[in-house]
Amino acid sequence: MNNFEFSRAISVADAVRQIAADPGAKFVAGGTNLIDLIKEGVTQPSRLIDITRLELKRIEDSSDGGLRVGALVLNSDLAYHPEIDKRYPLLASAILAGASPQLRNMATTGGNLLQRTRCFYFYDTRTPCNKREPGSGCSALEGLNRMHAILGTSEHCIATHPSDMCVALAALDARVLTAGRSGERSIAFADFHRLPGDTPQIDTNLSEDEIITGVELPPNGFAKNYSYLKIRDRLSYAFALVSVAAALEIEDGVVRQARLALGGVAHKPWRDREAEAQLSGAKAAQEPFMRAAETLLSDARGFGHNDFKIELARRAIVRALGQAASAAPQSQIDKRIR
Ligand SMILES: Cc1cc2nc3c(=O)[nH]c(=O)nc-3n(C[C@H](O)[C@H](O)[C@H](O)COP(=O)(O)OP(=O)(O)OC[C@H]3O[C@@H](n4cnc5c(N)ncnc54)[C@H](O)[C@@H]3O)c2cc1C
Ligand code: SF4
């Protein structure tokens, strides 16, 4: 039995004050990840600070023509919001490819960003895991690593970030809005999550006293030529083996701008600017798509059970880019199958 205190935050300032006062405290939003981690003994917060009553539930226009999504907007409300559906269908598709309707009805935008890895060893407190207990070792390196990373790994951790929503947010160049004791910050999505390096216990660059207040979407949602392709063991209710968010701007058959982000392959949503630059100015066709996949995966490395992910990722990239180019996103194909 782990005893903990429970309190409610009545404002963002109050939430920051409460978390700063207790280094062992954690915010709880939908609780769909945190409560599991507490039950499994992976984390033992001294206090849970309920943030669900904060005024962070709105989706509003931002001054630059984009949208600002409050941290407490539920995943389902976000995916089905008419502006998201119309202007950011890549984001809607990614969210709807994740978890289950029940979970999406509880899970929040802020919580989704901070969900922890699904590495089995991280959850199994009887096994060494540097992310759970720094310095204890990494059981996945020589263990069952079928779900694990092929890019950006370190000798200390090869876990993947499990979110689908974050892959789309990375591709869209979203920003994470935070508030803390030193004021407010707007963090580029690419700088929010971290690679494991020698501190795999730290997933993000959020400070201990900060709360996520929202996510900002830039004006360009790539609403015409996009696809979110998620490859997983089951068609529903399973985390990605590999996922690809592809977004293109095409004029006369030529790619003017490309965005490519991968999930299930690294400790953070994976973007490769070189592969994107290579696509820009190229024909929207199979061959350049294959070259971009080669570039993106040039440093990929498997650890035995997950070697197959390299070829899977290569094929998924080419397919997702093809779907985006022909304005036939995977989500439409899924609808037709059902
Ligand atoms: C069975 C199952 C299957 C799933 N499948 C998928 C899937 O396929 N794809 C996918 O993307 N996700 C999947 N999920 C994960 C789910 O999307 C996350 O659990 C959810 O998004 C977390 O949101 P939450 O609001 O419940 O977070 P919580 O569990 O409340 O919190 C998670 C973490 O975020 C912190 N936190 C929450 N809000 C804030 C904030 N505003 N500021 C600072 N810190 C905050 C908490 O302290 C905690 O550390 C699955 C979950 C389950 C249980
Ligand atoms: S991959 Fe990371 S999370 Fe998994 S056992 Fe190794 S250190 Fe722990």
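Each ligand, and each atom within it, is numbered from 1 in the order the structure gives.
- Residue-ligand proximity, S139 to ligand 2, at heavy-atom distances under 4.0 Å covers atoms 5 (S).
- Within the 4.0 Å heavy-atom criterion, neither part of S100 lies near ligand 1.
- Atoms of ligand 1 lying under 4.0 Å from any heavy atom of N112, numbered from 1 in the order shown and given with element: 17 (O), 21 (O), 22 (C), 23 (O).
- Protein-derived N/O/S atoms nearer than 2.8 Å to atom 2 (Fe) of ligand 2 total 1, waters excluded.
- Listed by number with element, the atoms of ligand 1 under 4.0 angstrom from any heavy atom of A99 are 4 (C), 5 (N), 6 (C), 7 (C), 8 (O), 9 (N), 13 (C), 14 (N), 50 (C).
- Remark: distances from the non-hydrogen atoms of A238 to ligand 1 include one below 4.0 Å.
- Residue-ligand proximity, T108 to ligand 1, at heavy-atom distances under 4.0 Å covers atoms 23 (O), 24 (P), 25 (O).
- At the top of the distance list for atom 9 (N) of ligand 1, counting protein heavy atoms only, stands D164 OD2, 2.7 Å.
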Side chain to side chain contact (heavy atoms under 4.5 Å, CB included) evaluation trace for L67 with R87: CA-CA 10 Å; L67 280 187; R87 295 168 58 191; 3.9 Å; yes
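- Taking atom 15 (C) of ligand 1 as the reference point, the nearest protein heavy-atom neighbour is Q115 OE1, 3.2 Å.
- Ligand 1 places these atoms under 4.0 Å from at least one heavy atom of L34: 29 (O).
- Here side-chain hydrogen bond (donor to acceptor under 3.5 Å, both in side chains) pairs that include residues 27-46, with residues two or more places apart or in two chains, are D22-S46, N33-Y123.
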Would you please test H81 and V69 for side chain to side chain contact (heavy atoms under 4.5 Å, CB included) and show each step? CA-CA 11 Å; H81 192 279; V69 179; over 6 Å; no
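- Classification of D203 and K131 as a salt-bridged pair holds, one side-chain N sitting under 4.0 Å from a carboxylate O.
- Which parts of ligand 1 touch R118 is read off a 4.0 Å heavy-atom cut-off, strictly below it: atoms 51 (C), 52 (C), 53 (C).
- Residue I211 has no nitrogen or oxygen atom sitting less than 3.5 Å from a nitrogen or oxygen atom of ligand 1, judged on distance alone.
- Inter-residue side-chain proximity for L172 and F189 is flagged as unmet; no heavy-atom pair is nearer than 4.5 Å.
- Proximity of L262 to P269: side-chain heavy atoms (C-beta onward) are nowhere separated by under 4.5 Å.
- Annotation: ring pair (Phe, Tyr, Trp, His ring centres under 6.0 Å) contacts of H161 (sequence neighbours excluded): H193.
- Among protein heavy atoms, the minimum distance from atom 41 (N) of ligand 1 is reached at I212 O, 3.0 Å.
- Tested against E251 for a salt bridge (Lys or Arg N to Asp or Glu O under 4.0 Å), the candidates K224, R256, K283 yield a single pass: R256.
- Residue contact annotation: H161 has no non-hydrogen atom under 4.0 Å from ligand 1.
- Within the 4.5 Å cutoff, the side chain of M165 has heavy atoms near those of the L113 side chain.
- For the pair K230 and ligand 1, a heavy-atom separation below 4.0 Å is found.
- Residues L296 and I317 have side chains in contact (heavy-atom distance under 4.5 Å, counting atoms from C-beta outward).
- Using a 4.5 Å heavy-atom threshold, the side chains of R53 and I51 count as separate.
- When each atom of ligand 1 is checked for a heavy atom of P162 under 4.0 Å away, the hits are 9 (N), 10 (C), 11 (O).
- When the heavy atoms of F239, F27, Y237 are ranked by distance to atom 50 (C) of ligand 1, first place goes to F239.
- For ligand 1, the atoms lying closer than 4.0 Å to a non-hydrogen atom of L114 are 33 (C), 34 (O), 35 (C), 36 (N), 43 (C), 44 (N), 45 (C).
- Proximity of L56 to V73: side-chain heavy atoms (C-beta onward) are nowhere separated by under 4.5 Å.
- Polar contact with ligand 1: absent for K26 (N/O pair, distance under 3.5 Å).
- Contact annotation: for A240 versus ligand 1, there are no heavy atoms closer than 4.0 Å.
- Residue contacts with ligand 1 for I51 involve side-chain atoms from C-beta outward but no N, CA, C or O (heavy atoms, distance under 4.0 Å).
- Applying the salt bridge (Lys or Arg N to Asp or Glu O under 4.0 Å) test to pairs two or more places apart or on separate chains, those with a residue in residues 161-172 are D164-K230.
- A salt bridge does not link E294 to R291: none of the charged nitrogens lies less than 4.0 Å from a carboxylate oxygen.
- Heavy-atom contacts of G30 reach the following atoms of ligand 1: 24 (P), 25 (O), 26 (O), 30 (O) (cutoff under 4.0 Å).
- The protein heavy-atom contact nearest to atom 32 (C) of ligand 1 is G111 O, 4.0 Å.
- If you check which protein heavy atom lies closest to atom 19 (O) of ligand 1, you get T32 OG1, 2.7 Å.
- Polar contact check, N33 against ligand 1: a nitrogen or oxygen pair lies under 3.5 Å apart.
- Between F303 and I150, the closest side-chain pair of non-hydrogen atoms is not below 4.5 Å.
- The minimum heavy-atom distance between V242 and A316, with the atom names listed, is CG1-CB, 4.1 Å.
- In this structure, L144 and F120 have side chains that are in contact, with non-hydrogen atoms separated by less than 4.5 Å.
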Quick one, T178 with E210, criterion side-chain hydrogen bond (donor to acceptor under 3.5 Å, both in side chains). Give me CA distance, side-chain angles, the key distance, then yes/no. CA-CA 6 Å; T178 69; E210 278 183 311; 3.0 Å; yes
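- When non-hydrogen atoms are compared, ligand 1 lies under 4.0 Å from neither the backbone nor the side chain of R232.
- Hydrophobic clustering (ILVMFWY, side-chain heavy atoms < 4.5 Å, transitive): I187 and V167 are in one cluster.
- The nearest heavy-atom contact from the protein to atom 30 (O) of ligand 1 is G31 N, 2.7 Å.
- Residue contacts with ligand 1, taken as heavy atom pairs separated by less than 4.0 Å, involve L103 solely via side-chain atoms from C-beta onward.
- Between E210 and ligand 1, no N or O atom pair is found at a separation short of 3.5 Å.
- In the hydrophobic cluster analysis, where Ile, Leu, Val, Met, Phe, Trp and Tyr join through side-chain heavy atoms closer than 4.5 angstrom, L91 is grouped together with Y228.
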